[in-house]
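The first residue in the sequence is number 1, and the count goes up from there. These figures come from a predicted structure and were not determined experimentally.
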Amino acid sequence: MPQATLLPQQDKVDLNNIFLIGRNYIADPDERKKVAARDPVVSLKPTSAVIFEGREIVLPEFSREVHFEIELVILIGAGGRNIPESKALDHVLGYGVGLDLTAHDLHQQAKAQGLPWTLCKGFDTAAPLSAFIDARRVAEPERAGFTLDVNGVPRQRSDASQMVFGMARIISYLSGVFTLHRGDVIYTGTPAGAGPLARGDRLRLDYNGLLRAEFHVA
């Protein structure tokens with residue numbers, strides 16, 4: 001079972017479910033309102049997809065085009081069900097940043113055919129994660145910024161205030177469908193700028209200037 005290191009205590013937390021929130025950064029105001037009127041789009045990754053800094057990203061042989069997506073990531077500390085939004089952030093143990101890697105060519109086929117996305121998003125090394133910073137050290141988590149540089153070039157930049165569904169809303173919604181547990185991880189969506197990976201690429205992730213992680217594509 002993958003373990004997350006929580007800073008600064010260096011606690012070890014066994015990871016459980018990995019939830020993904022889709023379509024959570026939308027620039028067009030009208031489309032943003034339409035999406036916000038509905039519920040968050042949810043999918044999953046297996047824990048076998050997780051890697052931490054020090055391990056390489058391995059592109060799957062069954063895909064010709066794997067895309068990177070940087071996302072703010074939540075680590076649940078106290079589980080629960082039907083958690084109210086007003087209490088949702090109290091259930092967070094730590095915050096970090098991660099990559100949602102997607103076999104883009106297969107993903108497009110799956111969407112066109114109405115098929116599940118598990119193969120596209122769940123392959124080995126498809127969930128690179130930073131360590132997690134103690135939630136108590138983040139003064140305004142719903143305004144926290146994050147960045148991704150690929151080979152030294154800025155590719156994605158945004159902050160949590162740009163989400164369609166904020167973190168408290170996401171936690172509350174998920175807990176109404178799934179019982180949340182300590183060690184559950186929530187990827188909260190990606191802003192514009194996602195793109196293809198190539199062998200040899202180097203990716204640098206930053207969470208609010210407080211936490212960084214680097215990954216290399218084998």
Side-chain angles (χ1 to χ4, degrees), residues 15-50 63 65-76 79-85 88-89 91-92 95-123 126-129 141-142 144 146 148 155-181 183-196 205:
L15 301 188
N16 289 310
N17 301 303
I18 302 176
F19 299 101
L20 309 175
I21 304 299
R23 302 197 68 207
N24 207 27
Y25 287 83
I26 298 173
D28 180 81
D30 292 333
E31 182 65 16
R32 188 180 176 91
K33 289 178 182 177
K34 290 178 185 177
V35 172
R38 301 190 293 269
D39 293 322
V41 176
V42 182
S43 57
L44 298 164
K45 283 184 188 279
T47 55
S48 58
V50 172
S63 174
E65 187 177 1
V66 173
H67 281 201
F68 60 78
E69 300 176 3
I70 188 173
E71 307 197 12
L72 290 182
V73 182
I74 299 166
L75 178 65
I76 295 295
R81 182 162 175 80
N82 295 321
I83 300 168
E85 281 190 51
L89 297 188
H91 290 253
V92 178
Y95 297 101
V97 66
L99 294 169
D100 173 15
L101 302 185
T102 304
H104 182 71
D105 46 356
L106 273 68
H107 192 213
Q108 295 305 304
Q109 294 174 22
K111 289 194 294 184
Q113 298 172 23
L115 297 175
W117 299 357
T118 309
L119 183 65
C120 315
K121 289 181 170 287
F123 55 88
L129 282 173
E142 296 206 281
F146 58 104
L148 171 66
R155 296 299 301 269
Q156 290 186 276
R157 273 163 167 65
S158 194
D159 65 78
S161 70
Q162 301 304 308
M163 293 180 185
V164 176
F165 300 103
M167 289 187 285
R169 170 77 172 101
I170 290 169
I171 294 169
S172 179
Y173 175 76
L174 288 175
S175 73
V177 182
F178 314 94
T179 299
L180 296 182
H181 297 278
D184 283 349
V185 171
I186 306 171
Y187 278 72
T188 57
T190 194
L205 296 71

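Using a 4.5 Å cut-off on side-chain heavy atoms (C-beta onward), Thr190 and Asp100 make no contact. With a 4.5 Å cut-off on side-chain heavy atoms, Val35 and Val41 do not count as touching. Residues Leu75 and Tyr95 are not in side-chain contact: their nearest non-hydrogen atoms beyond the backbone lie 4.5 Å or more apart. Side chains of Leu72 and Met163 form a contact here, defined as non-hydrogen atoms less than 4.5 Å apart. Looking at heavy atoms from C-beta onward, Ile170 lies out of side-chain contact with Tyr187 at the 4.5 angstrom threshold. Annotation: side chain of Pro40 is in contact with side chain of Arg169 (closest heavy-atom distance under 4.5 Å).
Atom NE2 in His107 sits 11.0 Å away from atom CG in Asp105 (nearest 0.5 Å). Separating the CD1 atom in Ile171 from the CG atom in Leu180 is a distance of 8.0 Å, to the nearest 0.5 Å. Interatomic distance, OG of Ser43 versus CG of Leu20, reported as 4.0 Å (0.5 Å rounding). If you take CD on Gln109 and NE2 on His104, they are separated by 10.5 Å, rounding to the nearest 0.5 Å. Here the CZ atom belonging to Arg81 is positioned 5.0 Å from the OG1 atom belonging to Thr179, to the nearest 0.5 angstrom. Between atom CZ of residue Phe146 and atom CG of residue Asp159 there is a gap of 7.5 Å, rounded to the nearest 0.5 Å.
A side-chain donor-acceptor contact under 3.5 Å links Glu142 to the backbone of Met167. Judged purely by atom type and a 3.5 angstrom limit, Ser172 uses its side chain to pair as donor or acceptor with the backbone of Ile83. Formation of a donor-acceptor pair under 3.5 Å by the Ser158 side chain with backbone atoms of Pro191 is not found in this model.
Of all heavy-atom pairs spanning Ala110 and Trp117, the tightest one is CB-CD1, 4.2 Å. Between Ala160 and Tyr25, the shortest heavy-atom distance links the atoms CA-OH, 4.1 Å. Closest heavy-atom contact between Ala126 and Pro128: C-CD, 3.4 Å. Among all heavy-atom pairs drawn from Pro141 and Leu89, the shortest one is CG-CD1, 4.2 Å. Smallest separation of non-hydrogen atoms from Phe165 and Asp39: CZ-C, 3.8 Å. Scanning both residues, Arg155 and Arg157, for their nearest heavy atoms gives N-NH1, 4.3 Å.
Applying the ring pair (Phe, Tyr, Trp, His ring centres under 6.0 Å) criterion to Phe19, with sequence neighbours excluded, gives Phe178. Judged as a side-chain hydrogen bond (donor to acceptor under 3.5 Å, both in side chains), and not counting sequence neighbours, the contacts of Asn17 are Asp184. Listed by chain and number, the residues in a ring pair (Phe, Tyr, Trp, His ring centres under 6.0 Å) with His91 amount to none (sequence neighbours excluded).
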> Between Leu99 and Ile70, is a side-chain contact (heavy atoms from CB on, under 4.5 Å) present by the stated rule, with each step listed?
Replying inline: CA-CA 5 Å; Leu99 294 169; Ile70 188 173; 4.3 Å; yes
>> Run Ile21 and Val42 through side-chain contact (heavy atoms from CB on, under 4.5 Å) and show every step you take.
In response: CA-CA 5 Å; Ile21 304 299; Val42 182; 4.0 Å; yes
> Hey, mind stepping through Glu71 and Asn24 against side-chain contact (heavy atoms from CB on, under 4.5 Å) and telling me if it holds?
Replying inline: CA-CA 10 Å; Glu71 307 197 12; Asn24 207 27; over 6 Å; no
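Ion pairing between a basic and an acidic side chain is recognised when a charged N comes within 4.0 Å of a carboxylate O; Arg23 and Glu31 show such pairing.
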